A.B. asks: 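For reference, the structure I am asking about is given below.
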Amino acid sequence: MTDAPNLALAQKVLAAQPFSTLLGARLVAFTEGEATLELDIRDDLRQQNGFLHGGVLAYAADNTLTFAAGTVVGPKLLTAGFSIDYLRPADGTLLRAHAQVVRAGRSRVVCRCDLSVVDSAGAETLCAVAQGTIAVPEPSPGS
């Protein structure tokens with residue numbers, strides 16, 4: 001277990017990720033066992049059919065899964081693997097990824113992430129789900 005989750009600190013960690021900054025990702029919730037990341041859907045993030053690119057959804061899942069794990073085991077984490085199922089094309093004005101811890105162990109944390117799009121009227125539609133395993137690396141000798 002780690003100290004209580006600190007949203008402001010987690011937002012600084014996200015801001016230190018150049019790719020997250022490029023996408024305009026925002027960490028909007030960071031509580032015990034859960035995290036929520038949002039980003040505005042822009043035309044330059046769409047694929048050839050006009051929907052949000054699957055790679056953007058995968059990025060959001062990966063990062064949100066890891067932030068959720070961090071709320072229970074601390075910041076030194078690495079994604080060990082994740083899977084994502086695309087349920088419907090993502091089209092709207094906002095992408096919201098909400099992850100929660102399913103089980104936290106000493107060396108691995110399993111999390112689930114629901115990815116939804118929000119339209120201009122505020123309606124939220126689930127477009128993908130992901131599950132990931134987050135690794136807690138062993139400390140280096142002398143750490």
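None of these values were measured; they are calculated from a predicted model.
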A.B. asks: Can you list every pair that meets salt bridge (Lys or Arg N to Asp or Glu O under 4.0 Å) and has a residue in residues 44-53, with sequence neighbours left out?
C.D. replies: Arg42-Asp44, Asp43-Arg46, Arg46-Asp91

A.B. asks: For Thr79 and Thr66, does a side-chain donor sit closer than 3.5 Å to a side-chain acceptor?
C.D. replies: yes

A.B. asks: Within the distance-only criterion (no hydrogens, no angle test), does the side chain of Gln47 pair as donor or acceptor with the backbone N or O of Gly50 below 3.5 angstrom?
C.D. replies: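 A pair under 3.5 Å: yes.
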
A.B. asks: With heavy-atom distances below 4.5 Å as the criterion, would you say the side chains of Cys111 and Gln131 are in contact?
C.D. replies: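 The answer is no; the side chains never approach within 4.5 Å.
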
A.B. asks: According to the ring pair (Phe, Tyr, Trp, His ring centres under 6.0 Å) rule, which pairs have a member within residues 41-76, sequence neighbours left out?
C.D. replies: Phe19-Tyr59

A.B. asks: Run through the side-chain heavy atoms of Ile, Leu, Val, Met, Phe, Trp and Tyr, join any pair under 4.5 Å, and report what else lands in Val110's cluster.
C.D. replies: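 Besides Val110, the cluster holds Val102.
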
A.B. asks: Apart from Val118 itself, which Ile, Leu, Val, Met, Phe, Trp or Tyr residues share its cluster (side-chain heavy atoms under 4.5 Å, direct or through members)?
C.D. replies: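 Reading the cluster by chain and number, Val118 sits alongside Leu94.
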
A.B. asks: Quick one: salt bridge (Lys or Arg N to Asp or Glu O under 4.0 Å) pairs with a partner in residues 74-88, sequence neighbours left out?
C.D. replies: none

A.B. asks: Minimum heavy-atom separation for Pro137 and Leu77, please, with both atom names.
C.D. replies: CD-CA, 4.1 Å

A.B. asks: Can you pull the ring pair (Phe, Tyr, Trp, His ring centres under 6.0 Å) pairs that have at least one residue in residues 82-102, sequence neighbours excluded?
C.D. replies: none

A.B. asks: Can you name the residues that form a side-chain hydrogen bond (donor to acceptor under 3.5 Å, both in side chains) with Thr31, not counting sequence neighbours?
C.D. replies: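 Counting only residues at least two positions away or on another chain, Thr31 forms no side-chain hydrogen bond (donor to acceptor under 3.5 Å, both in side chains).
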
A.B. asks: Looking at Ala25 and Leu39, what are the two nearest heavy atoms and their distance?
C.D. replies: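 Reported closest heavy-atom pair: CA-CB, 4.1 Å.
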
A.B. asks: Using side-chain heavy atoms (C-beta onward) and a distance below 4.5 Å, is Asp62 in contact with Ile84?
C.D. replies: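 No. Closest side-chain heavy atoms not under 4.5 Å.
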
A.B. asks: Tell me which pairs pass salt bridge (Lys or Arg N to Asp or Glu O under 4.0 Å) where either residue lies in residues 101-114, with sequence neighbours left out.
C.D. replies: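 Pairs touching residues 101-114 that pass the test: Arg112-Asp114.
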
A.B. asks: Quick one: ring pair (Phe, Tyr, Trp, His ring centres under 6.0 Å) pairs with a partner in residues 28-49, sequence neighbours left out?
C.D. replies: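 Output for this query is empty, none listed.
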
A.B. asks: Specify the closest pair of heavy atoms between Ala68 and Val101, including all atoms of both residues, with the distance to one decimal.
C.D. replies: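 That would be O-CG2, 3.5 Å.
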
A.B. asks: Would you mind reporting whether Arg96 and Thr36 have side-chain heavy atoms less than 4.5 Å apart?
C.D. replies: yes

A.B. asks: Gly105 and Val73: which non-hydrogen atoms are nearest, and at how many Å?
C.D. replies: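 Closest approach of Gly105 to Val73: O-CG1, 4.2 Å.
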
A.B. asks: Could you tell me which residues satisfy side-chain hydrogen bond (donor to acceptor under 3.5 Å, both in side chains) with Gln17, sequence neighbours excluded, listed by chain and number?
C.D. replies: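 Here the qualifying residues are Ser20, Asn63.
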
A.B. asks: Quick check on side-chain contact (heavy atoms from CB on, under 4.5 Å): which of Leu95, Val117, Leu45 does Leu57 satisfy it with?
C.D. replies: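 It is Leu95; the other options fail the test.
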
A.B. asks: In this structure, would Leu22 and Leu27 fall into the same cluster of hydrophobic residues linked by side-chain contacts under 4.5 Å?
C.D. replies: yes

A.B. asks: By the rule that ILVMFWY residues connect when side-chain heavy atoms come within less than 4.5 angstrom, directly or transitively, which residues belong alongside Leu126?
C.D. replies: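 Traced through the cluster, Leu126 reaches Leu87, Val129.
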
A.B. asks: Can you name the nearest heavy-atom pair linking Thr71 to Gly33, along with the distance?
C.D. replies: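 Here Thr71 and Gly33 meet closest at OG1-N, 2.7 Å.
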
A.B. asks: Just to verify, what does Asn6 make a side-chain hydrogen bond (donor to acceptor under 3.5 Å, both in side chains) with, not counting sequence neighbours?
C.D. replies: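 Scan of Asn6 (side-chain hydrogen bond (donor to acceptor under 3.5 Å, both in side chains), adjacent residues dropped) gives none.
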
A.B. asks: Return the SG to CG distance between Cys113 and Leu65, rounded to the nearest 0.5 Å.
C.D. replies: 5.0 Å

